[in-house]
2 protein chains.
Amino acid sequence: MNKESIKQIPHKTIERLSQYRRALLLVSAKGKTHIFSHEIAEIQHITAVQVRRDLMLIGYSGDLRKGYKIQALVELIGQIIDSPSGQKVAVFGLGNLGMALTHYLSGRRENLYIVAAFDVDEHKIGQSFEGVPCYGMEKVKEIVARENITIGIITVPAEEAKATKNLAIEAGVKGILNYTPVPMEVPEGVFLEEYDMITSLEKVAFYVKELGSSDLENTKRTASK
Amino acid sequence: MNKESIKQIPHKTIERLSQYRRALLLVSAKGKTHIFSHEIAEIQHITAVQVRRDLMLIGYSGDLRKGYKIQALVELIGQIIDSPSGQKVAVFGLGNLGMALTHYLSGRRENLYIVAAFDVDEHKIGQSFEGVPCYGMEKVKEIVARENITIGIITVPAEEAKATKNLAIEAGVKGILNYTPVPMEVPEGVFLEEYDMITSLEKVAFYVKELGSSDLENTKRTASK
DNA sequence: AGTATCTTGTTATTCTTTTAACAATGCAAA
DNA sequence: TTTGCATTGTTAAAAGAATAACAAGATACT
C-alpha cells in the first residue's frame, strides 16, 4: 500500500473499512481467527463481492480455503485508516448533541481522543464531562494549538455554526465534522464531512410515504451515508 | 408530478430538496420573494447547475429573469416530500443520543411529530421529555398502533439494536433511522437509513491524515452523506 | 431593430460506485 | 487421478450521480 494507491481508495470503501474493522474485532473476540467474505457481508448486510472488492483495493489477500485472517486484516485496516500517533478531537458546542457525542465517542476508538470541549455556557466552562474538560470559546486557539487538535466536531446552534467553524480552522483544525444544519465551506487542506439529521429524517419520511403509496416499489433500501 | 416521475427522483436529490426548503424558508423570512439558482447554490455550497437539475427533476420552472419564486417552490417541495397529514415518529432509547435527538428534532419540522419515546430505565418511564412521553419497551406495540407511528429512530445500545428494530417493525413502523453502529436489515416495505458516527469520525481522521501527508491532493472535500 | 448579457432547462459527458461475470486456485471425495 | 465444489481476485458491465455544454428565452442597452 503505497501512497498512490491509498489515494484512490473510494470514499465509500474507507467508510466500510471502518465498519469491517469493528465487525472483525467483535467476531475475533469470540475466538474466530478466519472469516470468509460472505460472512463479513452477512454481518454488514452487503454483498460478498463488495467485501472482496474493498479488500482487493487495499491489497489484502485471503486464503482460498480458510478465508481472511482476521487479525492481519484488522492490522492492515489500522495501517491504512489510523494515524500512527492518533489524532485529537474537540467538540464545539456542549448542548444536548455535543454532550451525547462526547459521551458516545469518548474512549470508543483508541487512536482518536476527545480532549476538549468548548461552549459559551458559564456553568459548563471549567467543568469536565466524561473526562473531557470544557473551555470557553476564547480559549479555542490556545487549547487547539497546545493539544495539537486536528479534528473539530461542530454541534453549536445554527447561528453560531459558521463562526465556530472559522474559529476552529483558524486555530489549526484540519478536519470538520459538521452536525449543524448549516452547509459549510472549508479552505484547501481542510476536510469537511457533514451530516444533517433533519434531512435524514425527512428522507425516511419521504420513502415511507412512497412505499406506502405503491406496492410495486423496490422496497428495501439500506442507504447509509 | 405524477407518481412515476417522483419515483425516479434520485436519493441525493430528495436529500437536497429537504435542504433547499429550509434554506428557502430562511431567505423568505428576510423578505426575499425570488431567488436564482446560483444564489441557492451559494447558500448550499454546491453548483448552480445541480440546483437547476434538481428543480428540473421535480418539474419546477423558474422565471427566466427573476429566478425561482420562493413560496411556490417551498410549496412544491412540500407536496413532494411531505405526507399530507404528517407522520409520527418514535425514539427508541432515551440515552444521551436519544435525548439529544428528541430535543433537537422536537417541533423542528411541522409535519413530523415525535410523539413517543421508549426506554428500559424505570426513572424515565412515565416522565415526559421535551413534551415527549417515555414508555417502557413492553408498550411499544400498543403505542405505535394507537398513535399510528410510522418512523422509528433507533438509539439504543448496540446489544439491543437488532431486537429493538424487530420490535419496532413488528409493531408497524415503516421507516427506521438507525443511529447504532450495528448494520441492520429490514423486510420488504420498510425503509432503512443508517448513520454511524464512529465511521464518520474515522473517515474524517483518515482524510486529515492523507491531506497532511501530501500537498498535491485535491484538498477540499465536502462529502455529505 | 439589433446586440449583448444573464438566466433557465435539458442533453451529453464524465466520474464514482455497485454489481455481475468468470478465470484461477486449492481441497475433498470419488 | 479426476471430478466437483466453494472460495478468492479481477475484469467487465451497469447503475447512479455530478459536471459540462449549450440552446433558447427575456430583458436592457445601443
Side-chain angles (χ1 to χ4, degrees), chain A residues 1 5-17 19-20 32-42 44-70 72-73 76 183 194 199 203 207 217-218 220-225, chain B residues 1 5-20 32-42 44-70 72-73 76 183 194 199 203 207 218 220-225:
Chain A
M1 279 303 87
S5 51
I6 288 183
K7 288 286 184 285
Q8 61 202 36
I9 297 180
H11 279 233
K12 298 281 185 182
T13 294
I14 294 296
E15 293 175 2
R16 281 190 296 267
L17 288 176
Q19 295 171 339
Y20 295 163
K32 213 165 152 66
T33 60
H34 291 74
I35 194 166
F36 295 120
S37 62
H38 64 83
E39 293 178 294
I40 298 178
E42 199 173 5
Q44 300 300 116
H45 298 299
I46 58 178
T47 64
V49 63
Q50 180 145 74
V51 173
R52 289 205 301 280
R53 209 172 197 300
D54 286 337
L55 299 191
M56 182 194 84
L57 290 174
I58 64 172
Y60 187 71
S61 284
D63 183 302
L64 202 42
R65 204 61 193 177
K66 299 184 200 160
Y68 303 95
K69 210 172 159 189
I70 293 177
L73 184 47
L76 177 57
E194 309 197 283
T199 293
K203 182 182 174 186
Y207 284 103
E217 181 76 2
N218 73 321
K220 195 173 66 176
R221 281 290 322 191
T222 56
S224 108
K225 246 126 285 156
Chain B
M1 280 300 88
S5 51
I6 287 183
K7 288 286 184 284
Q8 62 202 35
I9 296 180
H11 279 232
K12 298 281 184 178
T13 293
I14 294 295
E15 293 175 1
R16 282 190 295 266
L17 289 176
S18 159
Q19 295 171 340
Y20 295 163
K32 215 166 150 67
T33 60
H34 290 74
I35 193 167
F36 294 119
S37 61
H38 63 81
E39 292 179 295
I40 299 178
E42 199 173 6
Q44 299 300 115
H45 298 299
I46 59 178
T47 63
V49 63
Q50 179 142 76
V51 173
R52 290 205 301 277
R53 209 174 196 301
D54 286 336
L55 299 191
M56 182 194 84
L57 290 173
I58 65 173
Y60 187 73
S61 284
D63 182 302
L64 202 42
R65 205 61 193 174
K66 297 185 200 160
Y68 302 96
K69 209 173 160 189
I70 293 178
L73 184 48
L76 177 58
E194 309 197 283
T199 293
K203 182 181 176 188
Y207 284 103
N218 73 319
K220 195 172 64 179
R221 282 291 321 189
T222 56
S224 110
K225 248 129 282 157

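Within every chain, numbering begins at 1; the chains are lettered A, B, ... in the order of the sequence lines, protein sequences first and strands thereafter.
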Where do N or O atoms of nucleotides 9-15 of chain C meet protein N or O atoms at under 3.5 Å, pair by pair?
from	atom 1	to	atom 2	distance (Å)
dG9(C)	OP1	S61(B)	OG	3.2
dG9(C)	OP1	G62(B)	N	2.6
dG9(C)	OP2	Y68(B)	OH	3.1
dG9(C)	N7	R52(B)	NE	3.0
dG9(C)	O6	R52(B)	NH2	2.9

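- Residues R52(A) and Y68(A) share a closest heavy-atom pair of CG-OH, 3.5 Å.
- Summarising the geometry, the separation between CD on E42(A) and P on dT7(D) is reported as 12 Å, rounded to the nearest angstrom.
- Side chains of Q50(B) and Q44(B) form no contact here, defined as non-hydrogen atoms less than 4.5 Å apart.
- Considering I46(A), I70(A), V51(A), D54(A) as possible partners of I40(A), the one that fulfils the side chain to side chain contact (heavy atoms under 4.5 Å, CB included) test is V51(A).
- Looking at which nucleotide of DNA chain C each of G67(B) and D54(A) is closest to, the 5′-most match is held by G67(B).
- Counting non-hydrogen atoms under 4.0 angstrom, S37(A) reaches the backbone sugars and phosphates but no base.
- Applying the side chain to side chain donor-acceptor pair (under 3.5 Å) test to E39(A) and every residue at least two apart in sequence or in another chain returns K32(A).
- Rounded to a whole Å, the CD atom of Q44(A) is 16 Å from the C1' atom of dT18(C).
- We find that CG of L64(A) is positioned 8 Å from P of dG9(D), with the value rounded to whole Å.
- Here dT16(C) presents its P atom at 15 Å from CD of E15(A), a figure rounded to the nearest Å.
- Regarding contacts with the backbone of dT7(D), a side-chain N or O of H38(A) is found under 4.0 angstrom from either OP1 or OP2.
- With a 4.5 Å cut-off on side-chain heavy atoms, L57(A) and L17(A) do not count as touching.
- Contact record, K66(A) with H34(A): O-CB, 3.3 Å, taken as the closest heavy-atom pair.
- dG16(D) atom P lies 15 Å from atom CZ of R16(B), rounded to whole Å.
- Side-chain contact between Y20(A) and L73(A) is absent, with no heavy atoms from C-beta onward closer than 4.5 Å.
- Q8(B) places its CD atom 14 Å from the C1' atom of dA17(D), with the value rounded to the nearest Å.
- For Q50(A) and dG9(D), the CD to P distance is 16 Å, given to the nearest whole Å.
- Taking atom CG of L57(A) as the reference point, atom C1' of dG9(D) lies 11 Å away to the nearest angstrom.
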